[in-house]
Number of protein chains: 2
Amino acid sequence: MEGINVKKISEFFKTLGHPVRLTIVLKLLDGKKCVSNLEELIKARQPNISQHLRLLKLNEIVDWKQEGKMRCYFLKNPQVVKEILKLFKRR
Amino acid sequence: MEGINVKKISEFFKTLGHPVRLTIVLKLLDGKKCVSNLEELIKARQPNISQHLRLLKLNEIVDWKQEGKMRCYFLKNPQVVKEILKLFKRR
DNA sequence: CCATAATATTATCATATTCGAATATTTTTA
DNA sequence: TAAAAATATTCGAATATGATAATATTATGG
């Protein structure tokens, strides 16, 4: 409890604590996707998706790489996301 | 992704995504505590702590039992909390 | 270099969350 | 049963967050 950065951890959870952001993360479990892919998969507008992606990036949940004219986002650690979701089911 | 209740999962994370609530959860890892205990351990006022405990209860993260004149809160599944925190470190 | 496709940023408004103060409720004990 | 201790609830103001529209930026192909 002493060496623990409560602020950082709670921000991490807060980041996952929004339905659109969580949906993005779940979609990315299938593999990397560029913004326009996500736009088709999620009921949200492009600027909104970009805003959420920004937060996911800030919290080190996703990263991206440029591919042609598209920016493709992917999970930094898919395994951790999978296991967190598994734990949720046992909560 | 189909059988997944995005709303419920994101609310679960959102609940953990507040520094005071996360602190409460971390304190409860040491064992059950009544509200006045938590009041001593956390820099927040009693009504505020009760408000956060209410959310933690609604999201099935904690439960309580009456002990004398005190209401003692405990984690419903400490093991899951421990493992989620462990995963955070590997994120 | 220019046009365009793809994505990001900003400003703004609406809504949600949070905290404190005041008050209510509940439980126990005198 | 009345008082006191412990906790919960309600309300309001301040702040934070979210979505949209409008605009800006960036990268690539021509």
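Below, chains carry the letters A, B, ... as their sequence lines are ordered, and counting in each starts from 1.
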Exercise. Tell me, with the steps shown, if A:Met70 and A:Ser36 meet side chain to side chain contact (heavy atoms under 4.5 Å, CB included).
Key: CA-CA 8 Å; A:Met70 278 132 87; A:Ser36 50; 4.2 Å; yes
Exercise. Take A:Trp64 and A:Gln66, measure what side chain to side chain contact (heavy atoms under 4.5 Å, CB included) needs, and give me the verdict at the end.
Key: CA-CA 7 Å; A:Trp64 55 266; A:Gln66 201 71 23; 3.8 Å; yes
Self-check item: B:Leu26 vs B:Leu29, side chain to side chain contact (heavy atoms under 4.5 Å, CB included): CA-CA, chis, key distance, verdict
Solution: CA-CA 5 Å; B:Leu26 291 173; B:Leu29 272 177; 4.1 Å; yes
Would you list the protein and nucleotides 27-30 of chain C atom pairs, both N or O, that sit under 3.5 Å from each other?
| residue | atom | partner | partner atom | Å |
| --- | --- | --- | --- | --- |
| C:dT28 | OP1 | B:Gly68 | O | 3.3 |

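Where DNA chain D meets chain B (any atom under 4.0 Å from a heavy atom), the bounding nucleotides read 5' to 3' are D:dA5 to D:dC11.
Note on residues 67-81 of chain A: pairs passing side chain to side chain donor-acceptor pair (under 3.5 Å), not counting sequence neighbours, are A:Lys32-A:Glu67, A:Gln79-A:Glu83. For residues 46-58 of chain A, the set of pairs meeting the side chain to side chain donor-acceptor pair (under 3.5 Å) definition, not counting sequence neighbours, comprises A:Arg21-A:His52, A:Gln46-A:Ser50, A:Asn48-A:His52. Sorted pairs that involve residues 35-46 of chain A and meet salt bridge (Lys or Arg N to Asp or Glu O under 4.0 Å), not counting sequence neighbours, are lacking altogether. The ring-ring contact (aromatic ring centres under 6.0 Å, His included) analysis of residues 21-43 of chain A, with sequence neighbours excluded, yields no pairs.
Separating the CH2 atom of B:Trp64 from the C1' atom of C:dT26 is a distance of 10 Å, rounded to the nearest angstrom. Atom CD of B:Glu11 is separated from atom P of C:dA16 by 12 Å (rounded to the nearest Å).
Scanning for salt bridge (Lys or Arg N to Asp or Glu O under 4.0 Å) contacts around A:Lys8 gives A:Glu60, with sequence neighbours left out. In terms of the side-chain hydrogen bond (donor to acceptor under 3.5 Å, both in side chains) criterion, residue partners of A:Thr15 (sequence neighbours excluded) are, by chain and number, A:Asn59. B:Thr23 is linked by a side-chain contact (heavy atoms from CB on, under 4.5 Å) to A:Met1, A:Val6, B:Lys27, B:Ile42, counting only residues two or more places apart in sequence or in another chain. For B:Phe74, the ring pair (Phe, Tyr, Trp, His ring centres under 6.0 Å) criterion is met by no residue, not counting sequence neighbours.
Residues from residues 49-58 of chain B lying near DNA chain C, meaning a heavy-atom separation below 4.0 Å, are B:Gln51, B:His52 in numerical order. Of the residues in residues 12-44 of chain A, those with a non-hydrogen atom less than 4.0 angstrom from any atom of DNA chain C are A:Cys34, A:Val35, A:Ser36.
The nearest pair of heavy atoms linking B:Leu87 to A:Val80 is O-CG1, 3.8 Å. Taking each heavy atom of B:Lys7 and B:Ser10 in turn, the nearest pair found is O-OG, 3.0 Å.
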